[in-house]
There are 2 protein chains.
Amino acid sequence: MSLSPNLSVYVTSPDSKSDSRDEKIVRELLQAIIDRRLRPGTRLPEDSLGEAFKVSRTTIRKALQKLAQQRLVTMAHNRGARVAQPSRKEAEDVFTARRLLESALIPMVHQHQQTPAYAELHKLVKQEVAAREAGQWQEEVQLSARFHVQLAVATGNLILGEQVAQLTSLSSLIISLYGTSASVGCDCGEHKDLLKLIEENKVEQAQKWMDHHLDKIYRTINTSLDSGEDVDFKSLFSS
Amino acid sequence: MSLSPNLSVYVTSPDSKSDSRDEKIVRELLQAIIDRRLRPGTRLPEDSLGEAFKVSRTTIRKALQKLAQQRLVTMAHNRGARVAQPSRKEAEDVFTARRLLESALIPMVHQHQQTPAYAELHKLVKQEVAAREAGQWQEEVQLSARFHVQLAVATGNLILGEQVAQLTSLSSLIISLYGTSASVGCDCGEHKDLLKLIEENKVEQAQKWMDHHLDKIYRTINTSLDSGEDVDFKSLFSS
DNA sequence: AATATTCAAATTGGATACAATCGTGTATCC
DNA sequence: GGATACACGATTGTATCCAATTTGAATATT
């Protein structure tokens, strides 16, 4: 059961040898997107990307197609690929889905209790706090995302792990698009509290906490902002 | 926001004109897989597929990659693609994820109450019963799957809809692989009961019903059966 | 001067061609 | 006789090529 490229960005996968050329490119692009080095709407021409990665367009297209299926890039016919600009509706859907999934899987984490998973989670919390104190902005965001993914992986269910990983990547993109200054550092360090609740068998409280946590993040994003995505003018100017 | 090919198999999409060549192939292959006309493990050589669909390998490859990302086909390096053979662990994970997701989204369906969605659900139940009574085996399975997907779509959340669609397709594959004779017709017609519970505001009961329903289906599959997937002979014959 | 038409540059979509790799069968060597 | 080495066939991986489409600008037209 091989890991999807999306998951492999978050979990420290020991199988770094099974890198086909295009997966490495997928990971690098993915990383660049969630690091906000590629902003939403940025065009992704196959030629220049191929030149940058020193591969042909064929390989680039394979990578772009994979990202497109994760909704991280959009591909319009004959008009190329660009970094996705999720609509406000889509943003809401993503966070709603996350609240549903991630609070529902907490009982599984508790049930499937495995020491190594908890150790990993504690480590991530530690690193996250350290990154915040060091003012390492990008690192902190990345670690926060990894915490959420790792929690899903701690259920022992890879399917859930991948779904959460995908939603987390989309969240990064959404925050990159609609996020205010508050979206970034507002709620960090608190992950420790969640972990504590789980370990103290306060499962229901932990679920509520997670639901609240994600809702808070969603509320920080500025949904009134225009996304700049393609608008359906036909319905907008129906005279 | 364009539909993924996976969803478009289940929902009656009016935008059948936006079919790029490869999406049509994806849908046909997907349909063949969930209809069991392509059994798990079947090799999918690019040449012969290209010949069958009268397109080049490039297009076939694109289609196969999309299916691979949904875990419906596996692609081994230099050894081609074949219809996936989910491991027993993966089968368990899929159904666990479905129980989590599909029971959790029921409150949303109830909350997002929209008349057309309910009409569609009632229509599907009707057709499902009709198909069963007519003894149309494949049709019935297909309609049952569509019910589950449509329920997720009825939340108004396309992200959830797609995730459930993906899990549903995988379920079909899993049943095709491990399913016993009981896996097929055991629990049909009951979908009506679920719908009734939701409409009567008995949300919690409906959730329990769904959880039970999926658990029942999972229990019908024969997890003791060998999947035929790549086996680790070394550990199997360690003398 | 404003609008419409045409043309050219750039970029993608798809097909073909070549190189790399894997599995299998055969031959050779011990 | 058995095992290793080699080679062949088949199939995939990647690059290149050509046609199709879009986009923007320049020119023509009213």
Side-chain angles (χ1 to χ4, degrees), chain A residues 2 4-5 15-29 38 41-69 72-85 228-234, chain B residues 2 4-5 15 17-29 38 41-69 71-85 228-234 237 239:
Chain A
S2 64
S4 76
D15 59 344
S16 56
K17 63 181 187 324
S18 71
D19 280 351
S20 59
R21 196 76 133 271
D22 67 275
E23 284 221 350
K24 196 177 280 184
I25 295 174
V26 169
R27 279 219 297 272
E28 289 215 35
L29 286 175
L38 284 175
T42 306
R43 291 199 56 192
L44 301 170
E46 300 171 357
D47 273 330
S48 28
L49 281 176
E51 203 174 314
F53 286 107
K54 292 189 170 54
V55 294
S56 81
R57 279 177 47 215
T58 311
T59 307
I60 295 294
R61 281 175 59 186
K62 192 152 81 170
L64 289 177
Q65 275 161 26
K66 286 186 180 177
L67 288 168
Q69 214 171 347
L72 287 165
V73 317
T74 56
M75 300 185 75
H77 194 74
N78 272 317
R79 286 200 284 123
R82 48 182 65 206
V83 180
Q85 299 173 304
E229 75 170 331
D230 288 359
V231 180
D232 183 16
F233 292 113
K234 215 176 273 180
Chain B
S2 64
S4 75
D15 59 343
K17 66 181 184 323
S18 71
D19 280 351
S20 58
R21 196 72 137 272
D22 68 277
E23 285 220 350
K24 195 177 280 184
I25 295 174
V26 170
R27 279 219 295 273
E28 288 214 37
L29 285 174
L38 285 175
T42 306
R43 290 201 57 191
L44 302 170
E46 299 173 356
D47 274 331
S48 27
L49 281 176
E51 203 175 316
F53 287 107
K54 292 189 170 53
V55 293
S56 80
R57 278 179 49 213
T58 312
T59 308
I60 295 294
R61 182 183 279 279
K62 193 152 80 170
L64 289 177
Q65 270 162 25
K66 287 186 181 177
L67 288 168
Q69 214 168 349
R71 294 180 168 277
L72 286 164
V73 316
T74 56
M75 299 185 74
H77 194 75
N78 271 317
R79 287 200 281 123
R82 47 181 66 205
V83 179
Q85 299 174 304
E229 77 173 326
D230 287 359
V231 180
D232 182 17
F233 291 113
K234 215 175 272 178
F237 299 116
S239 58

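Chain naming here is simple, since letters A, B, ... match the order of the sequence lines and numbering starts at 1 in each. All values below come from the heavy atoms of this structure, side chains included, with hydrogens, waters and symmetry mates left out.
- The distance from atom CD1 of B:I60 to atom CG of B:L49, rounded to the nearest 0.5 Å, is 5.0 Å.
- The residue among B:G80 and A:H77 whose nearest nucleotide of DNA chain D lies closer to the 5′ end is B:G80.
- The partner of D:dT21 is C:dA10, by the rule that a Watson-Crick or G-U pair needs both atom distances under 3.5 Å.
- Rounded to an integer number of Å, the gap from CZ of B:R21 to C1' of D:dA20 is 13 Å.
- Evaluation of the side chain to side chain donor-acceptor pair (under 3.5 Å) rule for A:T42 yields no partner, not counting sequence neighbours.
- The distance from atom CG of B:D47 to atom P of D:dG9 is 17 Å, rounded to the nearest whole Å.
- Within the model, atoms CG of B:L38 and CZ of B:R82 stand 13.0 Å from one another, a figure rounded to the nearest 0.5 Å.
- Rounded to the nearest 0.5 Å, atoms OG1 (B:T74) and CG (B:L44) are 8.5 Å apart.
- Phosphate contact (OP1/OP2 of C:dG23, side-chain N/O of B:R79, threshold under 4.0 Å): present.
- At a non-hydrogen distance threshold of 4.0 Å, A:R57, A:R61 from residues 51-64 of chain A come into contact with DNA chain C.
- Without hydrogens or angle criteria, B:Q69 side chain to A:K66 main chain gives a donor-acceptor distance under 3.5 Å.
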Within the sub-3.5 Å range, which N or O atoms of nucleotides 5-8 of chain D have a protein N or O partner, and how far apart are they?
none

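- Taken from CZ in B:F53 to CZ in B:R21, the straight-line distance is 11.0 Å, to the nearest 0.5 Å.
- Comparing A:D22 and A:N78 along DNA chain D, the residue whose closest nucleotide (by nearest heavy atom) sits nearer the 5' end is A:D22.
- Atom CD in A:E23 sits about 12 Å away from atom P in D:dG13, given to the nearest Å.
- In this structure, B:T58 OG1 and B:D22 CG are separated by 11.0 Å, a value rounded to the nearest 0.5 Å.
- With values rounded to the nearest 0.5 angstrom, A:E51 atom CD is found 7.5 Å from A:S48 atom OG.
- In this structure, the CD atom of B:E46 is 17 Å from the P atom of D:dA10, given to the nearest Å.
- One interatomic measurement links the two molecules: CG of A:L49 to C1' of C:dT11, which rounds to 13 Å at whole-angstrom precision.
- No side-chain heavy atom of B:L72 sits under 4.5 Å from any side-chain heavy atom of B:V83.
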